[in-house]
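Below, all heavy atoms of this structure are taken into account, side chains as well, without hydrogens, waters or symmetry copies.
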Amino acid sequence: MVNNTERRIALRRAENTLMVVGLGIILFSAWSAVRTVGLVLLYRTKILTIIKKPLGEMDDVPISDNTLFGILLAMVGIFLLFTIALRLFIGLSAMAEARGKRSGIFYILLTVFLIWVNIHFTIDTFLKVVATPAVDYELESPTFAGVFIELTSVVMMIEMMISAVRVRKYRKQERQEVSDAA
Amino acid sequence: MQLDFHYYATYCAAFIAGYTHEESLRIAYCAQFTDCCSDTFLRRIRGPRQAATTQLQAELMDANTDPVGLQNITRIWASFHFLPADLKATRDKCSKRYLKKYRLICGPNGPLLADTVELAKGKGLEAAGLAMHVLADTWAHRHFAGTPSLSVNNTNYYFYEIIPDGEGYTERSVVFNHNPSSADDIERGLYTNSLYQGSENSIMNLGHGRAGHLPDYSFARYRYLPAWGEYREIIKDNPSDYLHAFTQMIYALRYLRGEHEVFETGRYDAQEMGEWTDEVLKIISRRQLDASSDWKSLGESLSGCAAEDFDLEKYTGEYTQAEDAEKDDTVLGRYFLAALAQKSMVTNRIFTSGNNLAGESVDFRKHGFRGMRDFRRLIREAAQND
């Protein structure tokens, strides 16, 4: 039998949003990885210069540039794995919830944490962009494009949270109705 | 729908409606031929290319999706496979552009169906066969539009097959893959559909591609969310729809034979099936990808004659060997005339409803001939009838 009550339609809409946004969060992690690795590879020399400044004072610890870069890549890799895993967990949990499988509240709490981190980072970046309008692109000079992308990510996570809450609310109402009828 | 229904079931319906074995075969051939009469085929036999009633996958891959290209595609698919149910449908809060596509959604018992059947009256078995193909597809392809449109024809993960289980039903999530060379697996619920393409006018979003072949299986029942439905689910009950299509074909064919004075939509000659009703229901409900052998057996039981298999080349020799002046009197020639008339009629109805998705239409009686040379045949035929 067809169920097209207003609440069920609203539930489907929220589930669909949750599914789409969950997938978007996963894809955004790929974008973050590509961006970070790209930056590290493109600005290898500049990064090494920045890192070697404090190391240069320690005369008894000679490290070759390649070794240093290798260590840097490994650290960036570990960090990226962590952020990708985090976003993957959030995205997959959202998609599972959209499909009707029960997901805990942990992924929503993680999303709140990520939103807080991203907002903090975005505001910081935005202030830098406004304060130092870049003519020649430098590693330290962020751009409006980067800010917009981060904002998009934040909006997506907020949308995901709202949809997750709605899905839980409507499902609870339906279960209540079923148990009342029984 | 596929060959099992368009050819063999149409043969059965024609015989039940009172046509002879040979006449029923001709009607069935023309019904199935509507799925084969492509531009490629017409080029090969040097037929009128505007009479194409379908497009092959290879042709669609090469088709342009600019406005003119989309009009060409829509003219074919809306005229022969996705006859619009209501060209005056309304919808709140949508753009004019969207409304035009929404109005092309196919469904049974629309005004265009009556026009289609009446157009075939007195035009021979070939026109009858073509009309039966269009009629049958209005049931199978309902809820999809014959124009490439993501916002109308798309489906998503919310797609569940409803399978009879004893006295009740169970539901199983449909898993779609995009490998056209792999056969559908009805035991495991694995079906092929067209690839998701985010572009609104992509060919992948034409007709029921996003639902795969499920609309063409008579046994299938499924629940899904059509893109135009605003999250309202639809349950497609193919056994019921196919039974309606079959009994309506009987009614329409009896009208074309002259046994009914008028053709009214929403009428079905179910009683004509008589003792064969149970057999028809069994064939429609049996879970199998191809019901050709069952329908063929039924047809042979009905007529007592051997129902030959569909052979695309059956009438091509007659057409290619005829003189130019006599081509229109061959089987394929008459079919092409019927196809041109159907295409012209549907395009005109869509255009005069204020919808330009199928292109422009000119009333040649008022304004003189303009347009494709192939349609001059219709003027000649109209002049002869006058």
Atom pairs and distances, donor-acceptor, side-chain atoms in residues 146-156 of chain A, under 3.5 Å, two or more places apart:
| residue | atom | partner | partner atom | Å |
| --- | --- | --- | --- | --- |
| A:Glu150 | OE2 | A:Arg35 | NH1 | 2.8 |
| A:Thr152 | OG1 | A:Phe148 | O | 2.7 |
| A:Ser153 | OG | A:Arg87 | NH1 | 3.4 |

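Only the backbone of A:Met1 comes within contact range of chain B, judged by heavy atoms closer than 4.5 Å.
In B:Arg91, the CZ atom is crowded: over 12 heavy atoms of neighbouring residues, nucleotides or ligands sit closer than 6.0 Å. Within a 6.0 Å sphere centred on CD of B:Gln271, heavy atoms belonging to other residues, nucleotides or ligands number more than 12. For CZ of B:Arg267, the number of neighbouring non-hydrogen atoms (other residues, nucleotides, ligands) closer than 6.0 Å is greater than 12.
Applying the side chain to side chain donor-acceptor pair (under 3.5 Å) rule to B:Tyr217 yields the partners B:Asp184; only residues at least two apart in sequence or on another chain are considered.
Within residues 151-172 of chain B, the residues having any heavy atom closer than 4.5 Å to a heavy atom of chain A are B:Asn156, B:Tyr157, B:Tyr158, listed by residue number. The stretch residues 223-239 of chain B places B:Arg223, B:Leu225, B:Glu230, B:Tyr231, B:Arg232, B:Glu233, B:Ile235 near chain A, each with some heavy atom under 4.5 Å from a heavy atom of that chain.
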